[in-house]
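Just so you know, these numbers come straight off a predicted model, no measurement behind them.
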Amino acid sequence: MFEQQVSQESEAAKPGLLPPVFFPAAGVIALLVIVTLVAGESAADLFAGVQAWVTGTMGWFYMLAVTGFLVFCLYLAFSRSGEIKLGPNESEPDYSFLSWFAMLFSAGIGIGLLFFGVAEPITHFLTPPDADPRSVEAAKQAMQITFFHWGINGWAVYAIVGLILAYFSYRHNLPLTIRSALYPLIGDKIHGPIGHVVDVLAVVGTLFGVATSLGFGVAQINAGLNHLFDVPLDTTTQVVLITLITGFATISVVSGLDAGIKKLSELNMILAGLLLLFVIILGPTLLFLNSFVENIGLYLETLVARSFRLYAYEDSKEWLSSWTLFYWGWWISWSPFVGIFIARISRGRTIREFILGVLLVPTTFTFIWMTAFGNGALAHELAGTGSQIAATIENNLPLGIFAFLETLPFSSLVSFITIILIVTFFVTSSDSGSLVIDTITSGGHINSPVWQRVFWAITQGVVAAVLMLGGGLAALQSATITTALPFTFVIIFACLGLLKGLRMEMAKSQSAASAPDIIINGQGASWKQRLNALLSYPSKSQMTQFMEDVVRPALQKVADEIELGDNEVRVEVTEKDTQLRIMHGDETDFLYSVHVAGLLKPDFAHAPSDLDSKEKPRFYRAEVHLLEGSQNYDVYGFSQEELLQDILCQYNKHIHFLNLARA
């Protein structure tokens, strides 16, 4: 619908890096890394001060923004816009639902679940924001808060960014970058400095968000290796682990989406599913079932209140900064990464299917996981069975999951498998992040040179290592919250762009239904000729002749007539279609294309000679396509006059749409 970008060579069509994005983003990241190294031991205090200022001053903004994104998602899912496809009308999903969910899960939440599945509920149980520590009420609140931090509020951030990217890229052929969402607001300026700044913010936020996850992952791997094999538990070991695993991630990202990331994601899902089943079956199964139902109730009961709670009347602002606001910053900083990634794997799905799938499916799995691990650990603490889970987490947060696994059979073997799972999640997050950052810094081009992907994979490892040296996990948290702040404003403006785009699409749909058809009196084919065309199954040569004799001359006649009025128009011919494009300046262009589509011939239409053929016989249709895709009707057999009538009928509806859009 926003076709100005089609009339000029888009950035997404140019291979290689986009200098106005690549170099400023790399420069900002390098500057932050150098500052951290120069600051040395004082880096931790510097990061803490920045985090305190951001959360103390802008905490209310984070809370309102994340809640607003959720409300906006639900509005779109249940509105008429929910039926719109992320792609042409005739498109189908590129991946099966299972593969789609596996990649979504691995990229979006994998490391976080393993790190926080036990650690977060126990931490809230020990130091709840507004309950007595180690009480039954503290246990309930711990699960309620954990569900809130991992529930639909956070996934709404991913959903809205992914939806914006998929809609403008697959529906309107804009580059698969954040800037494209601003096209309805600023037009071709997205290809200038404003668009470059938006994408730079996306790259910086994404890199630090991914680096934070890598930091959590490597801290937990180190803790597990120390637990099983007495590997030293220190920053040096963690930097070595980051280096090794970044190497594996680099190999995976070079392999590409289908060969590397897809297979690793499916492996992650299998291992995570087996680990979850192990905990549920060999742990307190009945407790899991009862707790899951009650946790869902507590979550729904307090969802609205917690979505706005800033502890303005209580002295819990430090807790809020360390947990809820950190989570919202983490979700936002990851949103360009996960958003672009799930947009790339979601072509062909409807807006409703996309939003509900992204909001509900991963959230449900997350709630099951948190109940199995969180309530399993809490049960030991409430029962006083002598386990050391709480004491372990107080001293070493990343070791929490391994302390919990000690309460189950085969703990050493399962702990080792868990380390492998963390490593595969680490690799998947790193190579997915590299692929996404590379896409942004290439102007939306998805087949950029290998060296660029390698560069960003290594850069992520370097940033994670430097931040670990400069302040550990606290530094990573501070960097995440800080870099997410400017990008939150970008998402808000992108939402406005999406809303305007969808309103224009609804206006176009309304115009198609209300605009009257134009009747042209001319020399058309007789009804017998039309009936014969309907019952025929034209060959490729017959269709080629029809395109030459009828379609191209008809489209050219319209173009010639329009050019007499000094309007810009062109007719384009490719191997599969012939199209007429009428330019409308800053407004939406008109496209009428006749596309040759080959289909298998039905059995009843087979000629006797077809039965002896090894190849299945085919016939061809001349399908009409507009900007939004196929209109699902065939014009083969039309005379030139009839085809002219159809072109003008569609153009009349387009003019009606433009009038509605101006209103």
Side-chain angles (χ1 to χ4, degrees), residues 5 10-12 14-36 50 54 65 157 161-162 164-165 168-169 174-183 185-212 329-341 343 432-446 448-449 451-453 455-460 462-464 466-467 478-497:
Q5 77 281 358
S10 74
E11 292 168 337
K14 301 174 184 177
L17 61 83
L18 185 63
V21 175
F22 182 93
F23 291 111
V28 170
I29 293 164
L31 179 63
L32 292 173
V33 168
I34 292 170
V35 168
T36 303
V50 172
V54 172
V157 181
V161 174
I164 288 167
L165 291 163
F168 286 107
S169 179
L174 283 160
L176 188 63
T177 58
I178 306 297
R179 70 174 70 198
S180 295
L182 303 182
Y183 191 88
L185 301 178
I186 62 175
D188 286 336
K189 292 180 181 178
I190 65 166
H191 303 296
I194 296 176
H196 300 330
V197 170
V198 167
D199 282 349
V200 168
L201 291 175
V203 169
V204 174
T206 298
L207 192 134
F208 279 94
V210 174
T212 299
W330 195 14
W331 287 99
I332 290 168
S333 66
W334 262 52
S335 63
F337 156 42
V338 180
I340 289 180
F341 187 74
S432 301
S434 302
L435 204 62
V436 165
I437 293 173
D438 186 50
T439 299
I440 299 174
T441 55
S442 299
H445 193 268
I446 61 176
S448 56
W451 73 264
Q452 287 182 224
R453 283 174 273 169
F455 172 82
W456 290 115
I458 294 173
T459 301
Q460 285 174 172
V462 170
V463 170
V466 170
L467 289 177
S478 299
T480 298
I481 292 177
T482 305
T483 56
L485 180 60
F487 192 70
T488 307
F489 291 96
V490 173
I491 300 176
I492 292 172
F493 282 111
C495 288
L496 296 175

Margin query: Nearest 0.5 angstrom please: F489 CZ to I332 CD1, how far?
Written below: 10.5 Å
Next item on the list: Under the side chain to side chain contact (heavy atoms under 4.5 Å, CB included) rule, collect the residues that match up with P19, sequence neighbours excluded.
Entry: L17, F23
Checklist line | Shortest non-hydrogen separation from A202 to I440 and the atoms involved | finding: CB-CD1, 4.1 Å
Note to self: So which atom in A484 and which in S333 form the shortest heavy-atom distance, rounded to 0.1 Å?
What the structure shows: CB-N, 4.0 Å
Check: Between V204 and A25, which heavy-atom pair has the shortest distance, and what is it?
Finding: CG2-O, 4.4 Å
Margin query: Under the rule for side chain to side chain contact (heavy atoms under 4.5 Å, CB included), what residues qualify as partners of T459, not counting sequence neighbours?
Written below: I29, L207, F455, W456, V463
Check: Distance from K189 atom NZ to L182 atom CG, nearest 0.5 Å?
Finding: 12.0 Å
Next item on the list: Taking all non-hydrogen atoms of both residues into account, name the closest pair between L176 and L165 and its distance.
Entry: CD1-O, 3.9 Å
Next item on the list: Could you point out which residue of T177, T441, I194 forms a side-chain contact (heavy atoms from CB on, under 4.5 Å) with D199?
Entry: T177
Check: Who pairs with S335 by side chain to side chain donor-acceptor pair (under 3.5 Å), at least two apart in sequence or on another chain?
Finding: none
Checklist line | Pairwise distance CD1(I190) to NE2(H196) - rounded to 0.5 angstrom | finding: 10.5 Å
Next item on the list: Kindly give the heavy-atom pair with the smallest separation between W331 and V157, and that separation in Å.
Entry: O-CG1, 3.9 Å
Next item on the list: For residues V436 and V210, determine if any side-chain heavy atom of one lies less than 4.5 Å from a side-chain heavy atom of the other.
Entry: no
Margin query: Could you work out, with side chain to side chain contact (heavy atoms under 4.5 Å, CB included) as the rule, every residue matching V462, not counting sequence neighbours?
Written below: I458, V466
Checklist line | Pair R179-H191, side-chain donor/acceptor within less than 3.5 Å | finding: no
Note to self: Using modelled atom types and a 3.5 Å cut-off, is there a donor and acceptor pairing between side-chain atoms of S180 and backbone atoms of P175?
What the structure shows: yes
Next item on the list: Over all heavy atoms of both residues, which pair between I164 and A181 is shortest? Give the atoms and the distance, please.
Entry: CG2-CB, 2.9 Å
Next item on the list: Name all residues meeting the side chain to side chain contact (heavy atoms under 4.5 Å, CB included) criterion together with L32; count only those two or more places apart in sequence or in a different chain, and write none if there are none.
Entry: V28, F208
Check: So, does S442 use its side chain to make a donor-acceptor pair with the main chain of T439 at under 3.5 Å?
Finding: no
